[in-house]
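Chain letters run A, B, ... following the sequence lines, proteins first, then strands; residues in each count from 1. Not measured: the values here are computed from a predicted model.
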Protein chains: 2
Amino acid sequence: MPDKTPSSTSTPISPAERIRATGARATPARIRVLELLSSAPVPLSHHDVELALGDATLDRVTLYRVLDWLVASGLAVKRADERRVWRFTLAGGGQHHSHVHFRCDACGRVYCLDAPAPIAPVMPEGFTLARLEFDLSGRCADCNRSAR
Amino acid sequence: MPDKTPSSTSTPISPAERIRATGARATPARIRVLELLSSAPVPLSHHDVELALGDATLDRVTLYRVLDWLVASGLAVKRADERRVWRFTLAGGGQHHSHVHFRCDACGRVYCLDAPAPIAPVMPEGFTLARLEFDLSGRCADCNRSAR
DNA sequence: ACTTCAAATGCAACAATGTTGCAATTAGAT
DNA sequence: ATCTAATTGCAACATTGTTGCATTTGAAGT
């Protein structure tokens, strides 16, 4: 029974409404991708979205255009991950608490350290800070052990 | 005055010697690329290297292999930049003091803030920390002004 | 409901970046 | 000078992203 997001007192804006609010058309492609991003616990790559859509696949090019449109319209944010793959997240919505990552230069693995995120520095006048990421690199225990 | 922080009395190791020291062959391709990386003030991409070699071009594939070999042998380090292009730097030599970067989600520009780098967290047993990077993102003053 | 038309899509073709297999070349040891 | 495994160059392929254009469609107006 899919209960349709209980609308207590606030208005639960649907993906379609959020899209129309930007002045653009609420097409199935945009709606589905936006829903996916909304429910994804982590940033999704173009390929992730393709797989997730599964049967109801969009054209590859359309997906590129939808994703870029979401970014241009401010609904999503695009970032390259450590393996230089583009990943998309809902703008603002994410609220991913800022991780600390360690990447091994030798094997490429990424570890999530559980260390406190550093405090944000003072931003220059007019700048808005949306997210901060602290990335460390070096050699992991495995590689240090095997290589020398 | 570019004093190359040589260890005063030590021998200035030539690229060829440094390559042979790893047990591999000192080929012209490797020597030229290593020299390039040594003299480059900033990390170079595959394409940068191709352009820099100019007339004396290597095969595209050979260059990929040389760069990867440099990384595998520990002479160079590979990192993706904000535009997700691989960039190579001499290992160790760099000593780029750890910057704090701010990337604008709207225009993509990268600003170097001059803020103190955060202190490194305690590393797990066996891990070696080689570099740390603190990346911030949001909207820059220009974009905040124009796009409300 | 029906029309209309710019916006959005799908397709085909292309571009950039990276990878693999293999035959020809060559650095460096003997 | 010779030998041989380590490199190289080439061709072919894979992945990821872009562009032009003909077709379809959301939603505004009738």
Side-chain angles (χ1 to χ4, degrees), chain A residues 14-36 43-88 108, chain B residues 14-36 43-88 108:
Chain A
S14 77
E17 285 167 335
R18 214 168 333 179
I19 291 167
R20 283 195 209 94
T22 71
R25 289 193 194 166
T27 66
R30 287 177 180 166
I31 295 172
R32 261 179 307 172
V33 174
L34 188 54
E35 282 173 344
L36 250 175
L44 299 180
S45 65
H46 174 103
H47 190 58
D48 291 340
V49 175
E50 259 186 333
L51 293 181
L53 289 177
D55 41 327
T57 321
L58 298 177
D59 184 74
R60 219 164 54 82
V61 177
T62 300
L63 180 50
Y64 276 116
R65 293 199 270 226
V66 165
L67 288 170
D68 284 343
W69 176 84
L70 286 171
V71 172
S73 69
L75 291 174
V77 170
K78 181 190 199 179
R79 266 192 82 75
D81 70 9
E82 322 74 30
R83 289 197 284 277
R84 20 122 300 171
V85 173
W86 287 123
R87 298 201 165 265
F88 300 83
Chain B
S14 77
E17 286 166 336
R18 212 165 337 175
I19 291 167
R20 281 195 210 94
T22 70
R25 288 192 195 168
T27 65
R30 287 175 180 167
I31 295 172
R32 259 177 310 170
V33 174
L34 188 53
E35 281 172 344
L36 250 175
L44 300 180
S45 66
H46 174 104
H47 190 58
D48 291 340
V49 175
E50 259 186 332
L51 292 181
L53 289 176
D55 40 327
T57 322
L58 299 178
D59 182 75
R60 218 163 54 82
V61 177
T62 300
L63 179 51
Y64 276 115
R65 292 199 270 226
V66 166
L67 288 170
D68 284 343
W69 175 84
L70 285 171
V71 172
S73 69
L75 292 173
V77 170
K78 180 191 201 179
R79 264 192 84 74
D81 71 8
E82 323 74 31
R83 289 196 285 276
R84 24 117 302 172
V85 173
W86 287 123
R87 299 203 164 264
F88 300 83

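Between the CG atom of Leu67(B) and the C1' atom of dT7(D) there is a distance of 15 Å, rounded to whole Å. If you take CD1 of Ile31(B) and P of dT26(C), they are 15 Å apart, rounded to a whole angstrom. With rounding to whole Å, Leu63(A) atom CG is found 15 Å from dT15(D) atom C1'. Atom CZ in Arg32(B) sits about 12 Å away from atom P in dA27(C), given to the nearest Å. As rounded to whole Å, 14 Å separates atom C1' of dT16(D) from atom CG of Asp48(A). Distance CG (Asp68(B)) to P (dT8(D)): 12 Å, rounded to an integer number of Å. The distance between atom OH of Tyr64(A) and atom P of dT19(D), rounded to the nearest whole Å, is 13 Å. Distance CG (Asp59(A)) to C1' (dT16(D)): 14 Å, rounded to an integer number of Å.
Judged by distance alone, with hydrogens and angles left aside, Arg65(B) brings a side-chain donor or acceptor within reach of the base of dG9(D), the pair sitting under 3.5 Å.
Among the protein residues, Arg20(B) comes within range of the sugar-phosphate backbone only, with heavy atoms under 4.0 Å from sugar or phosphate atoms but none that close to a base.
Comparing Pro28(B) and Arg60(B), the nucleotide of DNA chain D nearest to each residue sits closer to the 5' end for Pro28(B). Sequence order on DNA chain C of the closest nucleotides to Ala26(B) and His47(B) puts His47(B) first from the 5' end. Sequence order on DNA chain C of the closest nucleotides to Trp69(A) and His46(B) puts Trp69(A) first from the 5' end.
Asp48(B) and Arg87(B) are joined by a salt bridge, as a carboxylate oxygen and a charged side-chain nitrogen come within less than 4.0 angstrom of each other. Salt-bridge annotation for Arg65(A) and Asp59(A): absent, with no side-chain N of the basic residue lying under 4.0 Å from a carboxylate O of the acidic one.
Arg18(B) is listed as a side-chain neighbour of Leu75(B), based on a closest heavy-atom distance under 4.5 Å. Put simply, the side chain of Val71(B) does not reach to within 4.5 Å of the side chain of Val77(B), judged on heavy atoms. Between Trp86(B) and His46(B) the shortest side-chain heavy-atom distance does not fall below 4.5 Å. For the pair Leu44(A) and Phe88(A), the minimum side-chain heavy-atom distance is 4.5 Å or more.
Looking at the side chain of Val66(B), the nearest of the listed nucleotides dG10(C), dT8(D), dC10(D) is dT8(D).
At dT17(C), none of the side-chain N or O atoms of Trp86(B) fall inside 4.0 Å of OP1 or OP2 (strictly under the cut-off). For Arg30(B), no side-chain nitrogen or oxygen approaches OP1 or OP2 of dA27(C) to under 4.0 Å. Taking 4.0 angstrom as the limit, Thr27(B) places none of its side-chain polar atoms (N or O) nearer than this to OP1 or OP2 of dT26(C). Not one side-chain nitrogen or oxygen of Thr62(A) sits closer than 4.0 Å to the OP1 or OP2 atom of dA8(C).
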Pick out the pairs of N or O atoms, protein on one side and nucleotides 3-6 of chain C on the other, that lie under 3.5 Å.
residue: dA6(C); atom: N3; partner: Arg25(A); partner atom: NH2; Å: 2.7

Go through Arg32(A) and Val66(A) one step at a time and tell me if the side-chain contact (heavy atoms from CB on, under 4.5 Å) criterion holds.
CA-CA 10 Å; Arg32(A) 261 179 307 172; Val66(A) 165; over 6 Å; no

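A cation-pi contact links Arg30(A) to Trp69(A), judged by a cut-off of 6.0 Å to the six-membered ring centre and 45° from its axis.
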